[in-house]
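The next block holds one structure in the form of structure tokens; read it before the comments.
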Amino acid sequence: MRVSTKKFGKIINDFSRTRRRVFPWRPPELRIKKDETAAEPYRVLVSEAMLQQTQVSRVCEKYEAFIKQFPNVRALANAPLSLVLRAWQGLGYNRRALHLQGAAREILRTHKGEIPRGREALETLPGIGPATACAIRAFAFNEPEIFIETNIRSVFIHFFFGPRPTGLGPVPLANVRDVELLPLIEKTLDRRNPREWYYALMDYGTMLKKQHKNPSRRSTSHVLQKQFKGSLRQARGAVVRAVLEHPHSLLELKKSLRLESDKVEQAVLGLTEEGFLKKANRKYVVGGE
DNA sequence: GGTGCAGAGTACC
DNA sequence: GGTACTATGCACC
């Protein structure tokens, strides 16, 4: 499909009027004035960390318990890593939990516990790159940022880069670059209420992917993932889970986890190097308290 | 039963 | 500037 930017705006806004999704990290109000902080920045920070490469449905299940256990920056910063990782189990990519707590500690130390509003200050925090910094600025502070996220990417490819080839025929070329999308995102952005506009785009994107094949396949940024089964990733996740239960020696981990022995050892060494694990009394425990 | 895919960031080359 | 790496479960083919 190819549409005018004006018509595009109407389609997205009309959709949002009836299909806007409500989440615990989103403010319920539909109309919020600029500069008004209706979404608590800490809640946005936690949600964005969880939502990096993890489906919304799964984040929903874990989010409220996490917030209840760590209701603010100070609580998260001062918590033992083991508790943070336990609360994180099921979300995947434990490294993000490590980063999120690192960010909380840095925010407490450098910004008096207040989530910084500046883009540069945000990007300095561990686990927060360009996209998440912009998302936090848009969602927590309603700042008119220009950024790309997987649903946004799908929506713009769908509307502005022709129809997706249907059914049989050659595999569609992955030739849409993000730099081609950015001017369109900038042009169509609702600067009066960026937060709701981006909510609407993302809500539309998820709807789109239920009806069509993922338009983001045509992005040069789209990558197919390696198989999880038998991967080091799988071993790392299993090791963290086991050590959270109780201390294990390397041999115990190798025996109890039904995974390739070399992978388990590699996982333990890597996780120790990264600060997940430490050795105490010849056994591995979760480190970084 | 196998595959694609989540509101990406970091490390390393 | 590209590339590989990082969990987990579920919807969909």
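Keep in mind that the numbers below use all heavy atoms, side chains included, and drop hydrogens, waters and symmetry copies. Just so it is clear: chains get the letters A, B, ... in the order the sequence lines come, proteins before strands, and each one is counted from 1. Quick caveat: nothing in here was measured; it's all calculated off a predicted structure.
The aromatic rings of Trp197(A) and Phe8(A) sit perpendicular, their planes meeting at an angle over 60°, well past the 30° parallel limit. Using cut-offs of 30° and 60° for the angle between ring planes, the Tyr63(A) and Trp25(A) rings count as perpendicular. Relative orientation of the Tyr204(A) and Phe15(A) rings is perpendicular, given thresholds of 30° and 60° on the angle between their planes.
Distance check on atom C1': dG9(C) versus dT10(B) gives 24 Å, rounded to whole Å. Using P as the reference atom, dG9(B) and dC10(C) are 25 Å apart when rounded to the nearest Å. dA7(C) and dC5(B): their C1' atoms are spaced 13 Å apart (whole Å).
Aromatic rings from Phe139(A) and Tyr199(A) are positioned such that their centres are separated by under 6.0 Å.
The interatomic distance linking Arg153(A) (CZ) with dG7(B) (P) rounds to 13 Å, in whole Å. Rounded to a whole Å, the CG atom of Leu91(A) is 9 Å from the C1' atom of dT8(C). The nearest whole Å value for the distance from the CE atom in Met50(A) to the C1' atom in dG7(B) is 14 Å. Between the CG atom of Leu51(A) and the P atom of dG7(B) there is a distance of 6 Å, rounded to whole Å. Atom CG in Leu208(A) sits about 15 Å away from atom C1' in dC5(B), given to the nearest Å. As rounded to whole Å, 11 Å separates atom P of dT8(C) from atom CG of Leu259(A). Here dC5(B) presents its P atom at 6 Å from CG of Leu224(A), a figure rounded to the nearest Å. As rounded to whole Å, 14 Å separates atom C1' of dA8(B) from atom CZ of Phe139(A).
Not a single donor-acceptor pair, N or O on each side, falls under 3.5 Å between the base of dG4(B) and the side chain of Gln225(A).
Listed in residue order, the members of residues 119-126 of chain A having a heavy atom less than 4.0 Å from DNA chain B are Leu125(A), Pro126(A). Contacts with DNA chain B (heavy atom under 4.0 Å) in residues 54-68 of chain A: Thr54(A), Gln55(A), Val56(A), Arg58(A), listed by number.
Nucleic acid contact class of Gln89(A) (heavy atoms, under 4.0 Å, all strands): sugar-phosphate only. Using a 4.0 Å heavy-atom criterion, one finds that Ala131(A) contacts the sugar-phosphate atoms exclusively. Counting any heavy atom pair closer than 4.0 Å across all strands shown, Arg96(A) reaches no nucleic acid atom. Among the atoms of the strands shown, none is found under 4.0 Å from any heavy atom of Ile152(A). Note on Gly92(A): a base of the nucleic acid sits closer than 4.0 angstrom, heavy atoms only. Nucleic acid contact class of Trp88(A) (heavy atoms, under 4.0 Å, all strands): none. Among the heavy atoms of the strands, none lies under 4.0 Å from Tyr198(A). Nucleic acid contact for Phe23(A): base, since at least one base atom lies under 4.0 Å from a heavy atom of the residue. Within 4.0 Å of Arg241(A), counting heavy atoms only, lie sugar-phosphate atoms of the nucleic acid but no base atom.
Using modelled atom types and a 3.5 Å distance limit, the side chains of Ser154(A) and Ser216(A) yield a donor-acceptor pair. In this model, a donor atom of one side chain and an acceptor atom of the other lie less than 3.5 Å apart for Ser221(A) and Asp178(A). Gln52(A) and Thr132(A) are linked by a side-chain donor-acceptor pair at a separation below 3.5 angstrom, with hydrogens and angles left out of the test. If you check the side chains of Arg236(A) and Ser231(A), you find no donor sitting under 3.5 Å from an acceptor. Side-chain contact annotation: Asn94(A) with Gln89(A), donor-acceptor N/O pair under 3.5 Å present. Between Ser256(A) and Glu252(A), the side chains place no donor N or O within less than 3.5 Å of an acceptor N or O (distance only, hydrogens not considered).
Side-chain nitrogen and oxygen atoms of Thr150(A) include at least one within less than 4.0 Å of the OP1 or OP2 phosphate oxygen of dA6(B). Between dA6(B) and Lys209(A), a contact under 4.0 Å exists linking OP1 or OP2 to a side-chain N or O. Phosphate proximity of dA7(C) to Ser231(A): absent, as no side-chain N or O sits under 4.0 Å from OP1 or OP2. Between Arg95(A) and dA8(B), a side-chain N or O to OP1/OP2 separation shorter than 4.0 Å is absent. In terms of phosphate contacts, Gln53(A) brings a side-chain nitrogen or oxygen within less than 4.0 Å of OP1 or OP2 of dA8(B). Dashed line: the shortest gap from a side-chain N or O of His222(A) to OP1 or OP2 of dC5(B) is under 4.0 Å.
Judged purely by atom type and a 3.5 angstrom limit, Arg217(A) has no side-chain atom pairing as donor or acceptor with the backbone of Ala174(A). Looking only at distances, no side-chain donor or acceptor of Arg20(A) sits under 3.5 Å from a matching main-chain atom of Ala200(A). At distances below 3.5 Å, not a single donor-acceptor pair connects side-chain atoms of Lys254(A) with backbone N or O atoms of Glu265(A).
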Discussion item. Reading 5' to 3' and counting Watson-Crick or G-U wobble pairs with both distances under 3.5 Å, write the dot-bracket notation for DNA chain B, | for bases paired outside the strand.
Written reply: ||||||.||||||

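Out of dT10(B), dC5(B), dA7(C), the shortest distance to the side chain of Asn214(A) is found at dC5(B).
Where Lys226(A) and Lys210(A) meet DNA chain C, the nucleotide closest to each residue was compared, and Lys226(A) sits on the side nearer the 5' end.
In the displayed structure, Glu274(A) atom CD is contacted under 6.0 Å by more than 12 heavy atoms of other residues, nucleotides or ligands.
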